[in-house]
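Heads up: the structure comes next, in structure tokens.
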Amino acid sequence: MRHKLSINTIILLTVPPLLWAANAIIGRAIYHDIPPVTLNFLRWLCAFFILLPFAYPIFKRDSSLWRDAKQYALLGLLGIGVYNALQYAALQSSGPINVTLVASGMPVWMMLVGWLFFGAKIRMPQIAGAVLSIVGVLFVLSRGKLEHLLALHLVAGDLLMIAATIAWSFYSWLLTDQNKYQELRPRWTFFLLAQISFGVIWSGLFAAGEWALIDYHIQWSWQLLAAIIFVAIGPALIAFRCWGAGIQKAGPNVAGFFVNLTPLFTTILSAAILGELPDWYHGVAFLLIIAGIVISSKQKV
């Protein structure tokens with residue numbers, strides 16, 4: 001069969017990169033005010049209580065949440081505990097554009113993880129799509145000039161983001177297993193809260209370790225509170241809902257290419273905050289990334 005990209009699927013897979021771009025900018029803006037792993041914990045704790053009134057039946061004694069606890073614990077660890085904590089930690093030493101650039105390797109990691117651990121085949125349309133998509137990302141970062149590209153360099157935060165991207169690849173592939181999560185998956189609030197419930201536990205443990213090892217202080221303000229609420233609702237609940245639904249329709253290999261829209265959105269949002277308009281190279285990059293998505297979606301699976 002072939003994965004077909006309908007308008008609905010395209011929207012589902014475009015919303016998360018846009019929200020994740022905003023997440024990266026906000027995470028960088030408040031990194032002096034709150035430790036990164038603690039931010040991740042508070043973000044998902046907030047998301048937990050927002051979703052709880054809509055999905056509390058999952059905690060009943062006969063719920064499959066308890067029977068499939070190991071599976072949901074793994075999803076919560078990879079998608080909520082590890083990925084997000086590493087991303088916020090990466091933003092301590094790396095800027096949002098650099099972090100989203102590193103994440104643009106997602107199509108490659110999706111292909112490798114799928115091939116090595118989930119029996120997926122790597123085909124030429126995927127490789128060609130990955131090349132086009134990454135070239136588009138590099139075009140944004142170079143602003144159309146080679147000397148700007150050569151001036152880029154990796155820091156410790158970028159290595160953390162590589163680890164985060166690998167964790168997200170495993171998480172995305174696990175979501176596609178049609179033999180699991182059958183009872184809760186049909187209701188997205190139930191399915192997401194099941195993941196968040198374990199994710200909050202993991203992120204809480206990581207946050208406790210952060211406070212035990214490092215002398216941090218939270219600089220509370222209305223701006224910080226607003227930022228936590230936003231990243232809990234937008235990049236967490238809405239983005240995870242859209243990503244989960246989109247990946248079911250398109251598959252991880254195709255969905256992974258949409259992540260490459262994140263650096264483009266990050267650059268545009270950063271420019272918008274500074275009052276600057278997008279330049280010509282943004283348009284070229286967008287066309288290259290879209291071309292990569294279109295070519296990869298024609299793969300046979």
Side-chain angles (χ1 to χ4, degrees), residues 11-31 33-51 54 75-92 94-104 106 157 160-161 163-165 167-169 171-172 175 188-189 191-193 195-200 202-203 206-207 223-247 255-256 258-270 272-273:
I11 293 173
L12 286 172
L13 292 174
T14 301
V15 168
L18 177 60
L19 292 172
W20 291 335
N23 184 51
I25 293 173
I26 291 175
R28 179 63 175 178
I30 63 175
Y31 82 99
D33 300 327
I34 186 171
V37 182
T38 301
L39 171 60
N40 186 53
F41 169 64
L42 293 178
R43 166 200 190 185
W44 287 107
L45 185 63
C46 182
F48 174 86
F49 284 111
I50 292 173
L51 211 55
F54 305 98
L75 289 178
L77 172 64
L78 294 173
I80 295 172
V82 172
Y83 174 76
N84 291 276
L86 288 176
Q87 183 185 44
Y88 285 133
L91 288 165
Q92 297 287 299
S94 185
I97 293 179
N98 245 47
V99 164
T100 52
L101 163 66
V102 174
S104 69
M106 182 71 73
L160 292 175
M161 198 59 207
T165 303
W168 186 258
S169 298
Y171 169 78
S172 297
L175 286 179
W188 75 268
T189 53
F191 187 45
L192 185 52
L193 185 61
Q195 300 174 55
I196 293 175
S197 299
F198 287 99
V200 166
W202 287 116
S203 57
F206 296 156
Q223 290 81 3
L224 177 58
L225 183 60
I228 293 174
I229 293 174
F230 172 78
V231 297
I233 296 175
L237 293 179
I238 296 176
F240 268 64
R241 159 57 179 161
C242 292
W243 182 261
I247 208 169
F258 281 82
V259 177
N260 281 4
L261 291 171
T262 308
L264 178 64
F265 289 148
T266 303
T267 304
I268 293 174
L269 289 176
S270 297
I273 292 172

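Under the 6.0 Å cut-off for aromatic ring centres, Tyr83 and Trp202 do not qualify, their centroids lying 6.0 Å or more apart. Taking the six-membered ring for Trp, Trp44 and Phe240 have ring centres closer than 6.0 Å.
Here the closest heavy-atom approach between residue Phe265 and residue Pro17 is recorded as CD1-C, 3.7 Å. The nearest pair of heavy atoms linking Ser197 to Phe48 is OG-CE1, 3.5 Å. Across Leu13 and Ala255, no two heavy atoms sit closer than the pair CD2-CB, 3.8 Å. Across Ile30 and Ala227, no two heavy atoms sit closer than the pair CD1-CB, 4.0 Å. Between Val37 and Ser203, the shortest heavy-atom contact is CG1-O, 4.3 Å. The minimum heavy-atom distance linking Arg43 with Ala232 is given by the pair O-CB, 3.3 Å.
One finds the OH atom of Tyr88 at 6.5 Å from the CG atom of Asn40 (value rounded to the nearest 0.5 Å). The line from CD1 of Ile233 to CD1 of Ile228 is 12.0 Å long, rounded to the nearest 0.5 Å. For the atom pair CG (Leu269) and CD1 (Ile25), the distance works out to 4.5 Å, reported to the nearest 0.5 Å. Here the CG-CD1 distance, from Leu224 to Ile26, works out to 11.0 Å after rounding to the nearest 0.5 Å. Expressed to the nearest 0.5 Å, how far CG of Leu193 lies from CZ of Phe49 amounts to 10.5 Å. Distance check: Gln195 CD to Leu78 CG gives 10.5 Å after rounding to the nearest 0.5 Å.
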Legend entry - Trace of the side-chain contact (heavy atoms from CB on, under 4.5 Å) decision for Arg241 with Leu51: CA-CA 12 Å; Arg241 159 57 179 161; Leu51 211 55; over 6 Å; no

Inset, instruction - Decide side-chain contact (heavy atoms from CB on, under 4.5 Å) for Thr165 and Val259; before the verdict, give the C-alpha distance in whole Å, the side-chain angles of both, and the deciding distance to 0.1 Å. - result: CA-CA 10 Å; Thr165 303; Val259 177; over 6 Å; no

Legend entry - Test side-chain contact (heavy atoms from CB on, under 4.5 Å) applied to Leu18 and Leu261, step by step: CA-CA 8 Å; Leu18 177 60; Leu261 291 171; over 6 Å; no

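Between Phe230 and Pro235, some side-chain heavy-atom pair lies under the 4.5 Å cut-off. Under the 4.5 Å side-chain criterion, counting only non-hydrogen atoms from C-beta, Asn84 is not in contact with Phe206. Inter-residue side-chain proximity for Leu237 and Ile196 is flagged as met; some heavy-atom pair is nearer than 4.5 Å. In this structure, Leu75 and Tyr171 have side chains that are in contact, with non-hydrogen atoms separated by less than 4.5 Å.
Between Trp20 and Trp168, the two ring planes are perpendicular [angle over 60°; tilted spans 30° to 60°].
Side-chain contact of Asn23 with Gln87: a donor-acceptor pair under 3.5 Å is present, judged by distance alone.
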